[in-house]
Protein chains: 2
Amino acid sequence: MPRTMSAPRLTQQDCSNCPIRHSAVCARCEADELERLESVKYYRSYKAGQQIAWAGEPLDFVGSVVEGVATLTQTMEDGRRQMVGLLLPSDFLGRPNRAKATYDVVATTDLVLCCFRQKPFQELLLDTPHISQRLLEMTLDELDAAREWMILLGRKTAREKIASLLSIIARRDASLRENPAEQSVVFDLPLTREAMADYLGLTLETVSRQISALRRDKVIVLEGKRHVTVPDFDLLMSETGDDSDGGIFG
Amino acid sequence: MPRTMSAPRLTQQDCSNCPIRHSAVCARCEADELERLESVKYYRSYKAGQQIAWAGEPLDFVGSVVEGVATLTQTMEDGRRQMVGLLLPSDFLGRPNRAKATYDVVATTDLVLCCFRQKPFQELLLDTPHISQRLLEMTLDELDAAREWMILLGRKTAREKIASLLSIIARRDASLRENPAEQSVVFDLPLTREAMADYLGLTLETVSRQISALRRDKVIVLEGKRHVTVPDFDLLMSETGDDSDGGIFG
DNA sequence: CGCTACTTTGACGTGGCTCAACCCCAGTGG
DNA sequence: CCACTGGGGTTGAGCCACGTCAAAGTAGCG
């Protein structure tokens, strides 16, 4: 399978109907700016499990996740792996003005990207302040998220790590729903136990054991391996070790 | 002691003689842009150990570290602490357009900041592309550093963590020297054992033991508690768990 | 000279890792 | 239709790296 293979391009879509229109890097753009974006953007699709980029290898585009989930991971020489990014819809992939990927990028579900080649995007950045401002804001948000993640990795117990990951996925998932008022917190895990372990700095066995423990303690209900119901979100939050706050829509 | 106390302001300095002129957020500015910066910048000084900001409390300025070292830390309800940022000269402190500090900020050595009030800085960002471009670049660099840090926290052993921290400090220290060619790698630790533990996600006892072990194994030589000599930098690098590379000036 | 903050070192306990067996289920091909 | 296979997941037994608790050493400083 060729490395840069991707599914056939989608038909050119209207930005104004895009599901991530108001949260992606284009969020602040006006109608005329969107027209310019439409003229240079293109879509790429990947199947679940497909690798999008290899650390150290060329990557000549940047873009936004439109649908699906991708991960950034780093592998040490002896095989130890750590996830360092979890890209959900509207998140930005790649670094402007950098020709090579810094991390392995893998689609963990079927994935659609809205892409820009490096050079045109660089020009967009230079003469579309609404884009560069938004990109700065998103990068600062990602830095805050990375710092939260550092607290998780450095100081939380295995149980707290699992609870934190579940709450993060639930929160992000809820923010995408049509009707955010609906109270049942139900979602599918987009990650295998192994990927969760790579996220959390644990082994997959420990992940499995702690999920079983949370199920035993009725903090979560599982149907199959991936489908999760959270009967009491505050209870889950109280297991994360974070300051009690509980608001799912913070 | 009032919270926002700081030492008397320095005399207004000429940006062109500033030690961080070419690496801080102002690095790309032209002469006329520097003039504008000079008209709104001001200096703040702090003593070693002094706290600069409290998580959740107002912080109405942003700025660059000119001299000294500051840390960003987060504390969990039960007192567990994790450092999430180590600010060395030329690093940027604070987030544009955010009125409150997200983390505790502490000067771990005597410190000088070059500051801007939030409002004027926001205006600078909007109409000085050289500043906003540079800030984006620095934020992306910080995100990369945060991700390296995540690998350290999630997957490295205690010994590897210590070796990694020493190499990071040595590297940053070397990049500030007049004569970077000089080969002896010698520096002072700007952190207590406890602060190192907070950085690395360890206890201070484990930090102390691992430093003793590296000394026993002749990877480092200590004079006093803080003054470190690295007789063979490649040897230290080989203890970090990172890809062998060894170049101190990468 | 006696605080106090920082550091080192020892003894012991334990949370999460390692190694290993086994389960479940969706393909796939005979 | 069933046997086989492989990827994911669960669970147990034992171990060890690092945390916890405790004591004592060291250096700066009023």
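So you know, we letter chains A, B, ... as the sequences are listed, proteins then strands, and number each from 1.
Within 4.0 Å (heavy atoms only), B/Arg80 reaches no atom of the nucleic acid at all. Among the atoms of the strands shown, only primed sugar atoms or phosphate atoms (P, OP1, OP2) are found under 4.0 Å from some heavy atom of B/Gly201.
The stretch residues 203-212 of chain A touches DNA chain C through A/Thr203, A/Glu205, A/Thr206, A/Arg209, each having a heavy atom under 4.0 angstrom from the strand. Of all the residues in residues 213-225 of chain A, not one reaches under 4.0 Å from DNA chain C with any non-hydrogen atom. Across residues 67-74 of chain B, not one residue has a non-hydrogen atom less than 4.0 Å from an atom of DNA chain C. Contacts with DNA chain D (heavy atom under 4.0 Å) in residues 190-200 of chain B: none are found.
In terms of heavy-atom proximity, A/Ala170 sits nearest to A/Val185 at CB-CG1, 3.8 Å. Scanning both residues, B/Ser90 and B/Arg172, for their nearest heavy atoms gives OG-NH2, 4.2 Å. Contact between B/Gly68 and B/Thr109 at its shortest, heavy atoms only, is CA-OG1, 3.2 Å. Considering all non-hydrogen atoms of both residues, B/Ile20 and B/Val66 come closest at CG2-O, 3.9 Å.
Judged by distance alone, with hydrogens and angles left aside, the side-chain atoms of A/Glu239 form no donor-acceptor pair with the main-chain N or O of A/Arg159 at under 3.5 Å. B/Lys156 places a side-chain N or O within donor-acceptor distance of the main-chain N or O of B/Thr240, the cut-off being under 3.5 Å. A donor-acceptor distance shorter than 3.5 angstrom exists from the side chain of A/Glu160 to the backbone of A/Thr157, with no hydrogens or angles considered. Looking at B/Asp232, its side chain does come within 3.5 Å of a backbone N or O of B/Asp234 through a donor-acceptor pair.
With contacts defined as side-chain heavy-atom distances shorter than 4.5 Å, the pair A/Val69/A/Leu87 does not qualify. You'll find the side chain of A/Tyr46 stays beyond 4.5 Å of the side chain of A/Val106, heavy atoms only.
When only modelled atom types and interatomic distance are considered, B/Thr102 and B/Arg98 share a side-chain donor-acceptor pair under 3.5 Å. Side chain to side chain, B/Ser164 and B/Ser167 fail the donor-acceptor criterion of an N or O pair below 3.5 Å.
A salt bridge between A/Asp188 and A/Lys225 is absent, with no side-chain N of the basic residue lying under 4.0 Å from a carboxylate O of the acidic one.
Note that the CG atom of B/Asp104 and the OG1 atom of B/Thr73 stand 4.5 Å from one another [nearest 0.5 Å].
In summary, contact between chain B and DNA chain C, defined as any nucleotide atom under 4.0 Å from a heavy atom of the protein, begins and ends at C/dT7 to C/dA11 in the 5' to 3' direction. Close approach of DNA chain D to chain B, defined as any atom under 4.0 Å from a non-hydrogen atom of the protein, starts and stops at D/dC18 to D/dC21.
Geometric assessment of B/Arg44 against the ring of B/Phe61 yields a positive cation-pi assignment under the 6.0 Å and 45° thresholds.
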